[in-house]
Amino acid sequence: MTVNDADLEIVKEQLGRAPRGVLDIAYRTPDGQPAVVKTAPKLPDGTPFPTLYYLTDPRLTAEASRLEVAHVMKWMEARLAEDKELAEDYKRAHEYFLEKRNAIEDLGTTFSGGGMPDRVKCLHVLIAYALAEGPQHFRLGTEAVAMAADHGRLRGTAIPEDWPSVNDLGIDLSQFDFSNAE
């Protein structure tokens with residue numbers, strides 16, 4: 001994908017500020033909007049910016065926040081502590097993220113984003129990363145996007161129609177408390 005001035009203007013409107021360090025549009029929604037930008041590891045002023053994929057679409061950012069308020073991160077993190085395969089998958093996603101970012105510019109750090117590889121700290125990062133890389137890249141990202149698609153009713157607009165559903169993944173959304181997230 002490529003980024004052009006029209007994309008940057010849309011991203012500016014989405015963020016409410018001028019975007020910084022945008023290298024590319026890493027993901028566009030089914031309805032054609034830029035939704036994830038790939039950012040330079042250092043901003044134009046030299047400030048390190050380790051978040052390679054940045055979520056910009058307001059529908060997706062709002063739903064990521066709702067999922068966070070509903071304690072999805074705690075649920076994911078508890079599973080990381082118990083499930084060795086899941087933890088290995090998350091570690092591989094972390095290593096891939098670092099490899100991809102360092103190919104652009106090595107920041108000399110092992111920090112990737114979203115709490116990887118040991119914690120789940122930010123669903124915005126996990127959703128952006130999963131959307132940029134696709135539904136089979138890493139389990140927790142796939143799950144976060146599925147939850148956003150199904151809880152937020154974003155399937156077919158902000159999230160591809162064919163993204164795995166919570167039912168496909170065996171996730172019961174009723175286990176989360178969305179009462180403070182609406």
Side-chain angles (χ1 to χ4, degrees), residues 1 10-11 13-17 19 25-39 51-83 85-94 96-97 112-182:
M1 295 186 187
I10 291 168
V11 171
E13 289 175 30
Q14 290 173 333
L15 296 175
R17 63 170 174 76
I25 303 300
Y27 169 75
R28 289 181 191 278
T29 62
D31 60 12
Q33 296 300 303
V36 176
V37 293
K38 184 177 183 180
T39 58
T51 305
L52 182 62
Y53 298 117
Y54 195 86
L55 195 62
T56 64
D57 185 290
R59 299 167 294 183
L60 294 166
T61 59
E63 190 56 31
S65 294
R66 283 190 279 278
L67 294 171
E68 289 179 353
V69 170
H71 303 290
V72 168
M73 294 180 308
K74 288 182 183 179
W75 171 73
M76 289 179 166
E77 200 163 288
R79 290 172 48 227
L80 275 180
E82 299 166 359
D83 185 334
E85 281 184 40
L86 183 65
E88 276 301 312
D89 180 71
Y90 201 50
K91 183 180 177 189
R92 280 190 303 274
H94 162 73
Y96 180 86
F97 185 104
S112 56
M116 290 189 286
D118 304 312
R119 297 177 37 216
V120 180
K121 193 172 116 181
C122 180
L123 293 181
H124 297 76
V125 170
L126 295 189
I127 289 171
Y129 181 17
L131 287 169
E133 294 293 337
Q136 302 307 321
H137 187 66
F138 71 114
R139 175 75 186 201
L140 292 181
T142 301
E143 291 177 357
V145 174
M147 294 171 83
D150 295 341
H151 178 263
R153 296 176 194 90
L154 299 175
R155 190 173 298 281
T157 56
I159 296 170
E161 190 70 46
D162 62 351
W163 194 277
S165 70
V166 292
N167 290 336
D168 295 337
L169 300 172
I171 299 169
D172 178 5
L173 286 175
S174 71
Q175 70 182 306
F176 302 101
D177 180 5
F178 287 99
S179 62
N180 293 318
E182 301 303 326

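The closest side-chain heavy-atom distance from Trp163 to Pro30 is not below 4.5 Å. Under the 4.5 Å side-chain criterion, counting only non-hydrogen atoms from C-beta, Trp75 is in contact with Gln175. Between Phe97 and Tyr53 there is a side-chain heavy-atom pair separated by less than 4.5 Å. Taking the side chain as every heavy atom from C-beta outward, Phe138 and Leu126 approach each other to under 4.5 Å. Taking the side chain as every heavy atom from C-beta outward, Thr56 and Val36 never approach each other to under 4.5 Å. Here the side chains of Met73 and Met76 are not in contact, with every heavy-atom distance at 4.5 Å or above.
Remark: Arg59 engages Asp31, Asp57 in a salt bridge (charged side-chain N to carboxylate O under 4.0 Å, His left out) (not counting sequence neighbours). Partners of Arg153 under the salt bridge (charged side-chain N to carboxylate O under 4.0 Å, His left out) rule, at least two apart in sequence or in another chain, do not exist in this structure. With sequence neighbours left out, the side-chain hydrogen bond (donor to acceptor under 3.5 Å, both in side chains) criterion links Asp150 to Arg155. Glu143 is linked by a salt bridge (charged side-chain N to carboxylate O under 4.0 Å, His left out) to Arg79, Arg139, counting only residues two or more places apart in sequence or in another chain. Checked against ring pair (Phe, Tyr, Trp, His ring centres under 6.0 Å), His137 has the following partners two or more places apart in sequence or in another chain: Tyr96, Tyr129.
Among Asp118, Leu86, Asp89, the single residue meeting the side chain to side chain contact (heavy atoms under 4.5 Å, CB included) criterion with Leu80 is Leu86.
Residues in residues 170-181 take part in no salt bridge (Lys or Arg N to Asp or Glu O under 4.0 Å) pair, two or more places apart or across chains.
A distance-only check finds a donor-acceptor pair linking the side chain of Tyr90 to the backbone of Arg119 [under 3.5 Å]. With hydrogens and angles ignored, the 3.5 Å screen pairs no side-chain donor or acceptor of Thr51 with any backbone N or O of Thr39. Side-chain atoms of Glu63 never come within 3.5 Å of backbone atoms of His151 as a donor-acceptor pair (strictly under, hydrogens ignored).
A salt bridge does not link Glu77 with Lys74: none of the charged nitrogens is closer than 4.0 Å to a carboxylate oxygen.
The shortest non-hydrogen separation linking Val11 to Pro34 is CG2-CB, 4.0 Å. What you find for Leu55 and Ala128 is that their closest heavy atoms are N-CB, 3.7 Å. Contact detail for Ser65 and His124: the closest heavy-atom pair is OG-NE2, 3.1 Å. Minimum heavy-atom separation, Ala144 to Ile127: CB-CG1, 3.7 Å. Heavy-atom minimum distance, His94 versus Ser112: ND1-OG, 2.7 Å. Of all heavy-atom pairs between Thr29 and Ala158, the closest is CG2-O, 3.5 Å.
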Q: Starting from the C-alpha separation in whole Å, work towards a yes-or-no answer on side chain to side chain contact (heavy atoms under 4.5 Å, CB included) for Leu67 and Phe178.
A: CA-CA 8 Å; Leu67 294 171; Phe178 287 99; 3.8 Å; yes

**Q.** Step-by-step side chain to side chain contact (heavy atoms under 4.5 Å, CB included) determination, Leu60 to Ile159
**A.** CA-CA 9 Å; Leu60 294 166; Ile159 296 170; 3.7 Å; yes

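Atom-to-atom distance recorded for Tyr27:OH and Glu133:CD is 13.5 Å, nearest 0.5 angstrom. Here the CZ atom belonging to Arg66 is positioned 12.5 Å from the CG atom belonging to Leu123, to the nearest 0.5 angstrom. A distance of 7.5 Å separates CZ of Arg28 from CD1 of Ile10, quoted to the nearest 0.5 Å.
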